[in-house]
Amino acid sequence: MKLSTQLLPFFLALATSASAASPSDLQAQIGHHVIYSYPGLEPPAHLLNLITEGKVGGIIVFGENVSDNLTTTIDNFQKTYKQSPYYSGSPLFIMTDQEGGKVRRLPGGPVQSAKQIGQAADPEAAATQMGKDAASTLEAFKNNVNLAPVLDVYREAGDFTDAFQRSFSNSTRVVGTCGSAFISAQQSAGVVASAKHFPGLGAPGADENTDLRPVTIDLTIEELRKVDMAPYTKAIAAGVDMIMASWAIYPALDTTYPSGLSKAIIQNELRDRLGFKGVTITDAVEAGALEAFGDQAARGLLAAQAGMDILLASKRDVTQGEDIYNALFAALQDGSLDQDAFSAATQRILEARKKLV
Ligand SMILES: *[C@@H]1O[C@H](CO)[C@@H](O)[C@H](O)[C@H]1NC(C)=O
Ligand SMILES: *[C@@H]1O[C@H](CO)[C@@H](O)[C@H](O)[C@H]1NC(C)=O
Ligand SMILES: CC(=O)N[C@H]1CO[C@H](CO)[C@@H](O)[C@@H]1O
């Protein structure tokens, strides 16, 4: 493992041996892996306490959290974290879905949808502008991670990803070109991009929504690689910092687990075959697609065990994030979550956050 000088003492403390990691070392470490959410305009005081205790890696912002006061609220999150004894030296991740077109949580660009960008006279130039516009809006609201671009390659007009024009194109080449242009432009402006939803959500029909229920994508491994995963090769070459996994099941790759709970998909395809070295993030842990995989804590732990670095507790309920945090804590102490793999994930998260300072 490559260690930066700044992080060395921290990792030496962890590396001595798993059992030697004291509870407070673990507390400092685990928080980086959990993203929280809250209802309405006023974050609960308990969320600020959890930030002080080092149990929060970041916050996801929804439309219901947006008012003229949002930047003040976010400043307060960052200030609270900076004053915490668990402060890591870099800011909390503040993330949102600012995809463009109809899917925008913050007032501001990109005004055009991904589909419109894909149909532009010069899609690559249009996607570059789109990434710049997304970065401007996020920066205006003090967000530093965009859960975009969507790299899903839609199949039929009006299907799940095309219904809201979230896919750049039905051509894998156009999706790869636009996606990587968006990523380069947005990340050059200092905002982390998260390409989604790996290994691809372009095939589901209009009513197949993983937020609501289990979805199975019965494509061959050849088609998944050639059509759905190909844009990730370009995104990774463009240096994308983060990749979000989907919650669909891909029987050709793993008959049991949805992508974000699947070691076969995350390790074999994304890490080993495509060579992604950045941060992995789940989709919403509360998604209906995961109904068969236990409560929020159990789902979060399964995702971490599969190799997902960041768990997205986006239920607008602070307890959800706390439950996942506690499950990771217990699993590291009893050895059911591998300490070395988890520490490597922590390192990836902190490397991405250091760019935000
Ligand atoms: C925003 O902050 C101002 C000043 O602190 C306060 O009066 C107002 O109620 C807040 N508005 C919202 C929507 O929270
Ligand atoms: C994409 O859609 C266009 C217009 O409907 C169609 O002509 C083209 O064949 C489709 N391309 C692919 C790869 O399916
Ligand atoms: C746009 C939006 O969803 N606004 C909501 C913000 O949160 C308050 C408080 O929960 C709601 O009343 C608003 O409807």
Side-chain angles (χ1 to χ4, degrees), residues 97-104 110-131 133-134 147-186 193-211 214-238 240 243-254 258-259 265 269-270 273-276 283 289:
D97 296 279
Q98 195 76 3
E99 296 177 7
K102 286 181 184 144
V103 185
R104 285 181 288 156
V111 174
Q112 288 197 308
S113 67
K115 188 174 191 177
Q116 288 172 312
I117 299 296
Q119 291 172 342
D122 182 346
E124 188 170 6
T128 298
Q129 188 58 48
M130 189 190 195
D133 291 348
L147 300 175
V150 170
L151 296 190
D152 303 331
V153 182
Y154 84 91
R155 299 304 204 279
E156 308 277 343
D159 65 15
F160 171 69
T161 189
D162 185 54
F164 291 97
Q165 304 196 354
R166 298 172 71 197
S167 168
F168 285 110
S169 175
N170 63 349
S171 148
T172 193
R173 183 184 54 77
V174 174
V175 172
T177 300
C178 290
S180 53
F182 180 112
I183 289 161
S184 298
Q186 194 200 260
S194 180
K196 67 190 186 185
H197 310 78
F198 188 83
L201 266 186
D207 61 343
E208 296 186 289
N209 183 350
T210 56
D211 286 345
V215 172
T216 297
I217 298 183
D218 234 334
L219 299 176
T220 62
I221 199 163
E222 291 75 21
E223 181 167 354
L224 284 167
R225 286 178 175 166
K226 191 160 152 268
V227 178
D228 298 277
M229 287 189 251
Y232 288 89
T233 304
K234 285 187 188 168
I236 291 167
V240 68
I243 291 180
M244 177 184 282
S246 94
W247 285 140
I249 293 181
Y250 303 80
L253 300 168
D254 187 327
S259 172
I265 296 178
E269 292 295 321
L270 184 58
R273 192 176 68 82
L274 295 175
F276 181 57
D283 204 337

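All ligand and atom numbering here is 1-based and tracks the order in the structure. Please read these numbers as outputs of a predicted model, since none were measured by experiment.
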inquiry  = Determine whether Y232 and F276 satisfy the following criterion, ring pair (Phe, Tyr, Trp, His ring centres under 6.0 Å), listing intermediate values before the conclusion.
reply    = CA-CA 9 Å; Y232 288 89; F276 181 57; 8.8 Å; no
query = Is there a side-chain hydrogen bond (donor to acceptor under 3.5 Å, both in side chains) between S113 and K102 once you walk through the steps?
reply = CA-CA 7 Å; S113 67; K102 286 181 184 144; over 6 Å; no
key: Shortest protein contact, atom 3 (C) of ligand 2 (heavy atom only)   =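 Among all protein heavy atoms, the one nearest atom 3 (C) of ligand 2 is N170 ND2, 3.6 Å.
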key: Closer than 4.0 Å: a protein non-hydrogen atom to atom 14 (O) of ligand 2   =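 Under 4.0 Å from atom 14 (O) of ligand 2, at least one protein heavy atom found.
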ask   = Can you check whether a protein heavy atom sits less than 4.0 angstrom from atom 5 (O) of ligand 2?
value =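 When distances to the protein are checked, atom 5 (O) of ligand 2 has no heavy atom within 4.0 Å.
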task = Look at R104 together with D133 and state whether they make a salt bridge at an N to O cut-off of under 4.0 Å.
result =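 No salt bridge links R104 with D133.
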message = Nearest 0.5 Å, please: how far is CD1 in I243 from NZ in K196?
response =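 Spacing of NZ (K196) from CD1 (I243) equals 13.0 Å.
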